[in-house]
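Working notes, structure below.
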There are 4 protein chains.
Amino acid sequence: MAISKTRALAGVFADEARHLGKSARTRARLMDAAVGVFARDGFEAASVNEIARAADVANGTFYLHFKDKDAIATEVALRIAGDVARRLDAAMVDLDDAIERTSRATRQFLEIACGQPEWGWALLRAMWSLPSLRKQMASYLRADLKRGVRQGAFTVKVDDLLIEVFTAMAASALLARLNGEAGAEAGSKVAELQLRMLGVPAKRAAATAWRPLAPEALPG
Amino acid sequence: MAISKTRALAGVFADEARHLGKSARTRARLMDAAVGVFARDGFEAASVNEIARAADVANGTFYLHFKDKDAIATEVALRIAGDVARRLDAAMVDLDDAIERTSRATRQFLEIACGQPEWGWALLRAMWSLPSLRKQMASYLRADLKRGVRQGAFTVKVDDLLIEVFTAMAASALLARLNGEAGAEAGSKVAELQLRMLGVPAKRAAATAWRPLAPEALPG
Amino acid sequence: MAISKTRALAGVFADEARHLGKSARTRARLMDAAVGVFARDGFEAASVNEIARAADVANGTFYLHFKDKDAIATEVALRIAGDVARRLDAAMVDLDDAIERTSRATRQFLEIACGQPEWGWALLRAMWSLPSLRKQMASYLRADLKRGVRQGAFTVKVDDLLIEVFTAMAASALLARLNGEAGAEAGSKVAELQLRMLGVPAKRAAATAWRPLAPEALPG
Amino acid sequence: MAISKTRALAGVFADEARHLGKSARTRARLMDAAVGVFARDGFEAASVNEIARAADVANGTFYLHFKDKDAIATEVALRIAGDVARRLDAAMVDLDDAIERTSRATRQFLEIACGQPEWGWALLRAMWSLPSLRKQMASYLRADLKRGVRQGAFTVKVDDLLIEVFTAMAASALLARLNGEAGAEAGSKVAELQLRMLGVPAKRAAATAWRPLAPEALPG
DNA sequence: CATGAATGAGCTTTCATTCAT
DNA sequence: TATGAATGAAAGCTCATTCAT
């Protein structure tokens, strides 16, 4: 516990960089700080000085590590997205059923993003302004949707628009949760709607989406 | 055609104010300019100076007509949303079937927003940063969804989250169209997905969503 | 009483101009408004627009009557100073004793200026920034001081510096009263100090400075 | 002499900060510049940009060192007042006679303030708009006036109004000297008037106020 | 590598002033 | 005369970015 507490304080990136060189550690501190500042002030209102201050480095130091505000924002977003995707993947590595996979992906995505609201906000803002991020997340998703079609579970054509729409549904639920307008059940609600949309019979959709998540599948 | 071209150049608000006093015309010019700047730069990045320049008035003139950027943004967003809602309403005044209404609302919303891409972008950005705008649009939608439940066509619970999700689906399609990633068929695609999600049988959903829109129902 | 109330509402200048042409009346309204705005906001912070608004005329109208803010300020100050001087003069027309005259001048000046705090502030600010105003007020004063020397009551050399110092003493008392730091007795206190400074024996100075002012000598 | 000339050019604050860090030196330059601009334009009319230009730094640099115009004005005024008070105090440390002290305070105050006309103007303007400055200067004065009363030399009641009036007399002499309307004798003249006002017999007042100031008591 | 003082463009806002009506 | 919309210079202030140390 003490360790995880320290982790939280130091920030996830700083923690990962603990054993790297000084430069990498400073860089990581900046990224952790950026996540916090973006989440608090929003991307536009965040200032480089503020990020540097939060990272406890001189403002000039920022520019040794990042070209500008956009650069750190993009990097942070991609790293977060990559991390989230990796965790989702790991949680579903031995799961074959597409319906189950799709439902879990949405539900666990929300759990992870809401468990670390700062990351959640950063992700949300990044999904809005970084198409490349959406593309990255889409590749995992596309595979599962295609799998569902192959398995005869989904009766839709899998194309870019479907991916966008599916993603937007999850994103809107994330926004509602981060805003406090929706509770923990939002994940199941949206997963159910998504499955219905994909052609899963209502009963099956409800059963899958509302089945309790195994504790080991939850974020740690 | 010549006329509609002039209209486009002058901007919709300026056009409406053509016969009003000088003050109202300047105000309208500023609103048209704001639409363009918000659409191009986003709300946060837009500057009052830029809006004034686009409206071809001195920067000080802006403050004769609006207290600040928020004031013009809110007014523009509400006027646009009101205009769109009015047009949707008018097109469906004699339509009773909820499935039909819901499908049409999404499809025509996209037609209208894409027909005037600047308005489309402004709407999209406003929906992101003005919750009040989402609430306003939601009220129309909620009525139709409830109607569908009453008619036995929709098998979902109508709550805030459903509204948000439904709206997000339309918004994601709008984004794809404005980005050029999706074509005119995006409206039907999304409408179909929405109907499936609401519980409409796949066949009926497809039939309704892809039925050609009567020309008179299209925006003029 | 009703009349004097109306006077107060309309402003002194407007009242004086009641029977003049329209232009003169507008001009007078502007001057009354300026007195109020200068007193409330200070000269620097006062804006022409605000004066025009207080006078209930269009902002452009201001420039038909005054070249700029300085012009109206100077004119207002000189008119006020002239008015005050006239009233002081009238109240002392049959008074020969220089000691008495000097004491009364200070005390009644304070009464008048404090009776109309807006005029008081305007005067005070004007005395600070308009040397010409100080010169104007000085001429009356110089006559009385010389009279006192002639009468053998004052044992000082009457020169510019004495006038300035004497005036500054009255002004500082005015400031203290307008600030609420001093009460009605400030006039007598300062008058006594002035007389002592001029060489009047302490007893005589006190007796004169603290003798109740005849009611008819008070401002109406 | 060459050195003292350089000092004058660099400004007193900059000179004091010569051996400090770069930040402190820039800050000092800004304060010197502010003294000059306040003296020339007055506090209200002075602009931050103008101060920065006079200090030969970028406008943004100003805000690295001071929150706003008020902050630098207050600091400058207090530093000047403190400096003047310290010098007066030092020159009178072994002086017991209240009459002598009071006379010297006024005369040397004028010498100091006129020896550095910019500081004189800044002081004058600050006394007008910063009551806190008057209060600070008053505390020294009050002690000497009370001492005079204790010693039986002054026959007045020492209260706030007396302090204000006494201060105003010195200030008016300072103004006259800075304006060029009065010469070096103004100090003695005013000191004499002040002593007479306080109750010192005319002869003694004149003798004290006009006694040549020892050279070592003059500002260096 | 890191620092942090300095920069200056650019933002929001106010306001004295002009001018077509 | 009077109006009031429009102007544009200039104010206060912020912030991404550079650079000497």
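Lettering follows sequence order; numbering is per chain, from 1.
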Could you measure the distance from the CD1 atom of D:I72 to the CZ atom of D:R79? Nearest 0.5 Å is fine. 11.0 Å
Say you draw a straight line from CZ of B:R25 to CZ of B:R27; how long is it, rounded to the nearest 0.5 Å? 14.5 Å
Spell out, as yes or no, whether a donor-acceptor pair under 3.5 Å connects the side chain of B:R29 to the backbone of B:A55. yes
Without swapping roles, check the side chain of B:N59 against the backbone of B:N49 for a donor-acceptor pair under 3.5 Å. no
Checking side-chain contact (heavy atoms from CB on, under 4.5 Å) for the pair A:L133/A:L123: CA distance, chi angles, key distance, verdict? CA-CA 9 Å; A:L133 180 69; A:L123 258 183; 4.2 Å; yes
Which of residues 57-71 of chain C sit near DNA chain E, with a heavy atom under 4.0 Å from it? C:N59, C:G60, C:Y63, C:D68, C:K69
Between F:dT21 and E:dC1, how far is it from one C1' atom to the other, in whole Å? 13 Å
Salt-bridge contact A:E75-A:K67 (side-chain N to carboxylate O under 4.0 Å): no
Salt bridge check, B:E44 against B:K69: does any charged N sit closer than 4.0 Å to a carboxylate O? no
Can you give me the dot-bracket string for DNA chain E, 5' to 3', counting Watson-Crick and G-U wobble pairs with both distances under 3.5 Å, using [ ] for crossing pairs and | for partners on another strand? .||||||||||||||||||||
What is the distance, to the nearest angstrom, from the CG atom on C:D56 to the C1' atom on F:dT3? 13 Å
Can you name the nearest heavy-atom pair linking A:A77 to A:A126, along with the distance? CB-CB, 3.4 Å
Give C:A46 one of three labels, base, sugar-phosphate or nothing, depending on what nucleic acid heavy atoms sit under 4.0 Å from its own. sugar-phosphate
Sugar-phosphate, base or nothing in reach of B:A45, heavy atoms under 4.0 Å: nothing
Does A:F62 form a side-chain contact (heavy atoms from CB on, under 4.5 Å) with A:V57? I'd like the steps, not just the answer. CA-CA 8 Å; A:F62 178 91; A:V57 300; 5.8 Å; no
Assign the ring pair B:F38 / B:F43 to parallel, tilted or perpendicular, where the plane angle (0 to 90°) is split at 30° and 60°. tilted
Residue mapping more 5' on DNA chain E - nearest nucleotide basis, B:S47 or D:T26: D:T26
Could you check C:E44 against A:N49 and say which one's nearest nucleotide on DNA chain E is further toward the 5' end? A:N49
Side-chain heavy atoms of D:V76 within contact of D:F66, under 4.5 Å: no
First and last nucleotide of DNA chain E, 5' to 3', lying under 4.0 Å from heavy atoms of chain D: E:dA5 to E:dG10
Mapping C:S23 and B:R27 onto DNA chain F by nearest heavy atom, which one lands closer to the 5' end? C:S23
